[in-house]
There are 2 protein chains.
Amino acid sequence: MATIIDVAREAGVSKSTVSRVLNRTGPVKAETKAAIDAAMKKLEYSPSYFAQGIRTGRTHTIAMLVPEYSNIFYSEMFQGAEDVALKNGYMVLVCNTERSSTSELEYTRALIRRRVDGIIYNTYENNPKMVEFLKDISRNIPVVFMNRVFSDPKDFSYVCTDGFNSTRKAVQYLYQRGKRKIGYIRNVKQIDVVNERYEGYLMGLKECGLPYNEKWIHQEECRNHTSDYIKLGCMAGSYFAGLDDRPDAVLASVDLIALGCVKQLKECQVQVPRDINVVGFDNLFLDEIYEPALTTIGQPIRELGRHAAQIIISKINGNPVNSQVLFDGKLILRGTTD
Amino acid sequence: MATIIDVAREAGVSKSTVSRVLNRTGPVKAETKAAIDAAMKKLEYSPSYFAQGIRTGRTHTIAMLVPEYSNIFYSEMFQGAEDVALKNGYMVLVCNTERSSTSELEYTRALIRRRVDGIIYNTYENNPKMVEFLKDISRNIPVVFMNRVFSDPKDFSYVCTDGFNSTRKAVQYLYQRGKRKIGYIRNVKQIDVVNERYEGYLMGLKECGLPYNEKWIHQEECRNHTSDYIKLGCMAGSYFAGLDDRPDAVLASVDLIALGCVKQLKECQVQVPRDINVVGFDNLFLDEIYEPALTTIGQPIRELGRHAAQIIISKINGNPVNSQVLFDGKLILRGTTD
DNA sequence: TTTCATTTTGAGAACGTTCCCAACCTCTGC
DNA sequence: GCAGAGGTTGGGAACGTTCTCAAAATGAAA
C-alpha cells in the first residue's frame, strides 16, 4: 500500500507538499498540485487512517449503542443517523448492549479506546451510578442520548418523542370516539421514556374525567427484546379476553406489545376493533402489514436518528452547548380502532 | 489520556516492559508486572488504537456490507457474526449498500482506507466487472460472501443456504400432501441465490411429474427493500385470487413476499391454507407472529452469520484456503399449509 | 541591481505504539 | 570466584501521517 512518501517521490516533491494538497492546508502551485494528483491516482494512494488518527485524534466514526439490533425500531433510527453521518464524512458503528448487564460500560470503554469521535446512547440504564458515569463520559467526549430524558437536562444532549403529551391526546381521541373503559399495557422496566407514556395515559384519563381502573391495566417486567415484547402483548391479550368487564380500548406502551395483544385477542375470538380498540406506540413498518393494521402513536423514528447525528457532529466540531430536542408523536389511525 | 510512557514512568520501568506485559510477549518478573498493572489501573490507561494499528496493521474490525438494515434478515445475520467477532476481540461495522448503485465500490474503498481486517459481503451485484473487482479485493484482504454462489468457487469463500435442494424438497412435500397445482412467486433481479431457489422449484415439479404452468408463476422486478418485497407479494396475491384456475399451493422466493401474498389473499376472501397453501423462504421471526403463521423453508440465519465471521477470522489469522459452506434449508410447517 | 514582501516548498519533530537487539542481572556448576 | 546460561530489562528505530518553522523561489518596487 502506497504511502505519502511514495507519492512524494513519484511527484518529485516532499511529503509536506503532498500533505498540503491532501488537506487543502496552505498554498500549492497549480502544476505541483497536478503532478501530485496524478501520482496519487497512479499509486492508488489512500492515506492511512491510523497515521492520520494518531496525529489529529479524529476517527470520523460515531458509535451508536442500541439495546437490540433486530428491533426494527432501532434499525430505522440507525438509518436516519447514518444518513446524516455519511453526508458529513462519518461512519456509524452500531453496538448491541443487551448482551449483558455490563455491556454498556464495556462498550463505552472499548469505544473510547477506539477513539470514536462521539457516542449516541440508545440505552435506558438509569441508576444513579450509571447516570454519574454517563455524565462523566459526556464531559470528555461528545455524547447524545436518544429516547431518554434526564432530570437535569443542562448536563446532557438528548433527542426524544414526547410520550406524555402524545399519549394524553390519544386517550382524548378514544374518549371522543365514545370509549369509556380505556386500559393500558406496559412493560414496567425502569425506562423513564416509557413511564412517561404511562403518565400521559393517566393524565388523559383524568382530563376526560374517566376513573382509573386497575383491572384494565396489564403490566409486567419485560426484557428489551422483540419476542419478549410480543409475548407480553400476548399475555395481556389473554388477560383482557378472559375479563368479564373488558376495556373497550387499550393503549400499549410499545407497538410490539400492541401487535402481540391483537394477535392473542383474535385467537380468543375477541374482535378487534369491534370489541376492543388497540393503539400502539412507535409506528414500525410492521404495523401496516399486520391484519388488521395497527393504529399507533407514531414517532418520527428516522428523524430522531438524523437529529441525534446532527447534534453529535455539531458537538464534535466544538459546539459546547447541550441541546434537547422533543418531537411530537402523531396519532396514526388504522384498522385496530373504529 | 494516559500513554504507555506515562504508565512506564509511574511504574518506574521502560515502555518496552509495559508493552511486554500488555501483549504478553516476552518474560516479565512477577513483581514488575504487578507494579505495571497497578500503574495502568491508576492512570486508567488504554492503549491507543491508532498507535497499535500503525504498527501492527490490525484494526480488529470486520466490516459487513448489507443491502438493507431494516430487513430483519440481515440484522439477525449480523448478530450471529457479531457474536463470534466479539468473542475473538473484533468489532463489526455494518454498511448499507442500497443507497446507490455504486455504494458497494465506494464502501469497499472507504473500508480499505480504514484498514478493516476483513469484509463480509452481503451483496448481489454479479456483473462480470464487479466480480472481477471483488476477486481483486479478495486477493488483498480477507473477504467472505454470504447468500451468494460463484461459478468458480475456488476463488472465493462463501456461506450460503442450499436454495436449490431445499426448495426441491418443499415441492415434493406439497406433492405428497396432495397438491398438484403448485405455483411460484419470485423477484427476478439477477440474484443467483434466489434464482437457484426457482431452479429447485422447477426441478421439484419435474421430479414429481408435475407440468410447468406459466399461469401459476408470478414474477416481477423488485428492489431489495422490505416494503417492496411485501408489495410484490400483495400483487401476486391479487393475481392468484383473480385466476379462474388457481394454484392450490404457492412457494415464494422470500418470506416477505409470502407474507404480502397471504395478506392480500385474505383480503380477497381467499382462505389460507384452505384454498391455497403458501410457503416462504428464510424463517424471519415475523413468520411466527403473523396470522396464520407462515410455513417456510428456514435458513439458519444466525448460523450463517456466525460461520462467515469464523471464516473471515481464520483468514485474518493467515489461513490462505477459501472455504465454501452450504447449509441445508429446513421446511418449517406452520399455519399457511395444511 | 538591490530590497523586501509574498508565495511556495522542505526538513524534521511529534503522535503512541511494537519489536529488534543489546545490556544487564541472577543463578548454577565447576 | 568465575564462566556461561538464561531470565529480565531498556534503548531506539520504525510505522505514516500532520504541522511548525525556516529556507528557497518568485515578483514587485525602488
With a 4.0 Å cut-off, would you call B:Asp37 and B:Lys41 a salt bridge?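 No.
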
So if I define the base as every atom that isn't primed, P, OP1 or OP2, how would nucleotides 8-18 of chain C read as a B/S/- string at a heavy-atom cutoff under 4.0 Å? BBBBBBBBBBB

Do the ring centers of B:Tyr49 and B:His60 come within less than 6.0 Å of each other?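 Not under 6.0 Å, so no.
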
Atom CD of B:Glu31 and atom P of C:dT26: how far apart are they, to the nearest Å?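 My rounded result for the distance is 11 Å.
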
Any side-chain donor paired with an acceptor under 3.5 Å for A:Tyr121 and A:Thr108?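 Note: A:Tyr121 and A:Thr108 side chains meet the donor-acceptor criterion.
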
Quiz question: by atom type and distance under 3.5 Å, do the side chains of A:Arg113 and B:Ser48 form a donor-acceptor pair?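 No donor-acceptor contact under 3.5 Å links the two side chains.
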
Distance check, rounded to the nearest 0.5 Å: A:Leu134 atom CG versus A:Thr123 atom OG1?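 It comes to 6.0 Å.
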
